[in-house]
Amino acid sequence: MAADNPRIPLINLNVTGTNVKYTELRNEVPSLTKTDAHQSSSSQMTTISIPTNTVVHNENITLPISPTSPTQTSVNDYELHRLPIQQRRFIKKSMMSNVGYRLAKRKDLHIRRRITNDIMCAIALLGIFLMITENELTFNRVDHKDTTISLLIKATITFTTIILTGFVFYYHRLDISLYCVDNSIDDWRIALTRSKLFLIILEAFVCAIHPIPGHFLVEWGSQYVHGYISLHPNPYQSPQLFPSMDNSTTMMNRDDSSALPSGSYVPIDVMLSLPMFFRLYLLCRFIMLRSHLVRDASSQSLGYLNRVSFNFQFVIKAYIKQSPAFSLMSFCIITFFIASWSLRACDYNVKTGHMPMLDALWLFIVTFTTIGYGDIVPSTYCGRGIAAISGLIGVFATALLVAVISQKLELTRSEKYVHNFVTNIELAKKHRHQAANVVKYGWKIWYLKRRGKEMFIEYIKAQRKLLTAIHCIRKIKQEQRKLGDNAITLSELHNSQKIINLTTNDVSQQVLNMERKVDGIEDRLITMGINLQSMHDTMNILMDKLNR
């Protein structure tokens, strides 16, 4: 019966060993049973280290520990789930107090969280690719919204979205578990704050937005189509819904075509497709989790000691610092294609249909660079909004470009030292040359004045050259002062302070050594004084004896 019932374990009291485990007997208090070395090594056990001479108390558990040698209390994961809630919490608390268990658990959670985010990135990129493919088939009139292919692609997008939303909750479950392990928290509800819950719901909502299967239309106002009607087939409806028509009657006045539908028709799929680009935030998380700064244990330790959080902002700053040109170019290229396709999808005109991709690319370039020729303009409010966002991103990218160029053009420390040294030598040569001119023309003025030639043109020229030389000397001295001020930066101050600190430490050490030597000399002098005094006393005693 015991072998058939999984809740009644096999108990072997004849085998001695140092490993014990929790078991649950039917209608009995859990006790400790001994297992042999082979059974403990074959099963996956979680070890808890407990110091000697201690007794672990709980409401239903009392674990006496042998005072002779330290024991390790081990519990199987399967048996842990079979225990009651109170006993399970007690065992988990004991596990959380073990540093080795926490480190192993933390490493496992890091790996699982990284793999989960990789899967989420793959699913998100697949959904975006399917969304763009389905919309391009409609834009180019290869397919329309009522066909089986369109419904199949949308159904696939919906299926991937459901999986992605499930992975979002699983990812945050791992994140909360990791937070609990890092802070030794046994109850996950402590880590689930209101802000954390709001972020989880917001992320799930962003990932859940997608074009749903079906065919829906919405009228989107345009500034150029009022009073006109397009009689070419609507790319979002089946061709059977439109009667055959001549190309000469493509555009007509609203009064002559009151029976035909008018307006700018854009499907709701476009409004549900564009927010799918927000899923690219998973790429940012992918960059953060795959960074060597986050995966390296030594970097994490340095971050903890210096109170630096290894988040996405820190990782992006590090990448921009290491390779600014590549980072800025990647950002601009990704923004270029996403914004251009968004302009093409949003800008639907009943006269011309969707904006061609080449025109959308040109419109983005003109808007991104803040030139604004005005030859191509968006005709819908959605297109205007994307154009405005593109302009703001362009201003931001221009500021980053200026920072990158200034960083590339900045001289290194060695180059700056060489440049300052050469410039200082040139200024010293000019200073000597102008000083010689001052002496030369001063002597010449004295000579002409002594001979009474103050009114001659030669005297005036010499005086003018003397004043010019004096002015040049003052200007050279000012440039030398500026050069000296520019040569002193924060790095030089830091190095000077470091050198001064090292010198001060050396001097302090030498002073301490001298004090020790002086103390030793004083001790020796005191000893010599004592010896001399004792010799003086001895001599006095001898003299007294000789006199007697």
Side-chain angles (χ1 to χ4, degrees), residues 21-22 30 44-51 56-61 63 72-120 165-204 207 281-282 284-286 288-291 293-315:
K21 65 178 182 178
Y22 288 96
Q44 297 180 353
M45 307 295 291
T46 305
T47 304
I48 308 169
S49 299
I50 301 176
V56 183
H57 295 284
N58 196 21
E59 295 178 356
N60 296 322
I61 302 176
L63 302 178
Q72 292 181 341
T73 303
S74 302
V75 57
N76 197 319
D77 293 335
Y78 172 72
E79 295 176 355
L80 181 63
H81 290 289
R82 291 166 53 191
L83 293 175
I85 297 177
Q86 295 181 355
Q87 300 175 9
R88 191 185 308 168
R89 289 180 179 177
F90 168 72
I91 297 175
K92 285 184 177 181
K93 288 181 180 179
S94 301
M95 290 179 178
M96 293 301 292
S97 63
N98 190 351
V99 179
Y101 167 78
R102 287 173 57 192
L103 292 176
K105 186 69 174 178
R106 183 175 179 272
K107 182 178 180 181
D108 179 66
L109 289 173
H110 271 292
I111 296 174
R112 289 166 60 186
R113 187 179 65 166
R114 186 165 58 247
I115 295 174
T116 302
N117 186 75
D118 296 344
I119 298 173
M120 292 169 64
T165 307
F167 272 107
V168 167
F169 290 102
Y170 180 70
Y171 174 84
H172 285 285
R173 176 182 175 274
L174 295 176
D175 194 18
I176 292 174
S177 300
L178 183 61
Y179 180 82
C180 293
V181 171
D182 289 337
N183 296 275
S184 300
I185 300 174
D186 57 338
D187 194 350
W188 59 270
R189 290 174 295 182
I190 300 175
L192 189 61
T193 59
R194 293 182 180 179
S195 59
K196 183 68 174 179
L197 183 61
F198 174 75
L199 292 176
I200 294 173
I201 296 174
L202 180 62
E203 185 176 348
C207 294
Y281 79 92
L282 294 172
C284 303
R285 187 181 290 170
F286 175 83
M288 181 189 70
L289 295 179
R290 287 290 176 179
S291 175
L293 296 173
V294 178
R295 299 180 63 180
D296 191 8
S298 60
S299 301
Q300 289 284 346
S301 301
L302 291 175
Y304 288 142
L305 292 175
N306 294 277
R307 297 181 180 181
V308 176
S309 178
F310 282 66
N311 51 12
F312 174 72
Q313 184 179 3
F314 176 80
V315 172

List for me each residue that meets side chain to side chain donor-acceptor pair (under 3.5 Å) alongside Ser291, sequence neighbours excluded, and say none if there are none.
Tyr319
Closest heavy-atom pair and its distance - Met120, Val168
CE-CG2, 3.7 Å
Applying side chain to side chain donor-acceptor pair (under 3.5 Å) to Arg112 and not counting sequence neighbours gives Asp108, Tyr170
Under 3.5 Å, side-chain donor or acceptor atoms of residues 194-203 against the rest of the protein: list the pairs with distances, not counting sequence neighbours.
{"residue": "Ser195", "atom": "OG", "partner": "Thr193", "partner atom": "OG1", "Å": "3.3"}
{"residue": "Lys196", "atom": "NZ", "partner": "Asp175", "partner atom": "OD2", "Å": "2.9"}
{"residue": "Glu203", "atom": "OE1", "partner": "His172", "partner atom": "NE2", "Å": "2.5"}
{"residue": "Glu203", "atom": "OE1", "partner": "Arg285", "partner atom": "NH2", "Å": "3.3"}
{"residue": "Glu203", "atom": "OE2", "partner": "Tyr281", "partner atom": "OH", "Å": "2.6"}
{"residue": "Glu203", "atom": "OE2", "partner": "Arg285", "partner atom": "NH1", "Å": "3.0"}
{"residue": "Glu203", "atom": "OE2", "partner": "Arg285", "partner atom": "NH2", "Å": "3.2"}

Quick one: list whatever passes ring pair (Phe, Tyr, Trp, His ring centres under 6.0 Å) with Phe314, sequence neighbours left out.
Phe310
Backbone N or O of Arg189 within a donor-acceptor pair of the Asp187 side chain at under 3.5 Å?
yes
Taking all non-hydrogen atoms of both residues into account, name the closest pair between Thr116 and Tyr171 and its distance.
CG2-CB, 4.1 Å
How close do Leu289 and Arg114 get, counting heavy atoms only, and between which atoms?
O-CD, 3.5 Å
Under the rule for side chain to side chain donor-acceptor pair (under 3.5 Å), what residues qualify as partners of Tyr179, not counting sequence neighbours?
none
For a quick test of reading the model, state the closest non-hydrogen atom pair linking Leu282 to Asn117 and the distance between them.
O-ND2, 3.8 Å
Applying salt bridge (charged side-chain N to carboxylate O under 4.0 Å, His left out), can you list everything that pairs with Arg290, at least two apart in sequence or on another chain?
Asp118
Working to the nearest 0.5 Å, report the span between SG of Cys180 and NZ of Lys105.
11.0 Å
With sequence neighbours excluded, what pairs up with Arg295 under the salt bridge (charged side-chain N to carboxylate O under 4.0 Å, His left out) test?
none
Heavy-atom nearest pair, Val315 first then Met288, reads CG2-CG, 4.2 Å
Do you know the tightest heavy-atom contact between Trp188 and Ile176?
O-CG2, 3.9 Å
Would one find more than 12 heavy atoms of other residues, nucleotides or ligands at under 6.0 Å from atom CZ of Arg173?
no
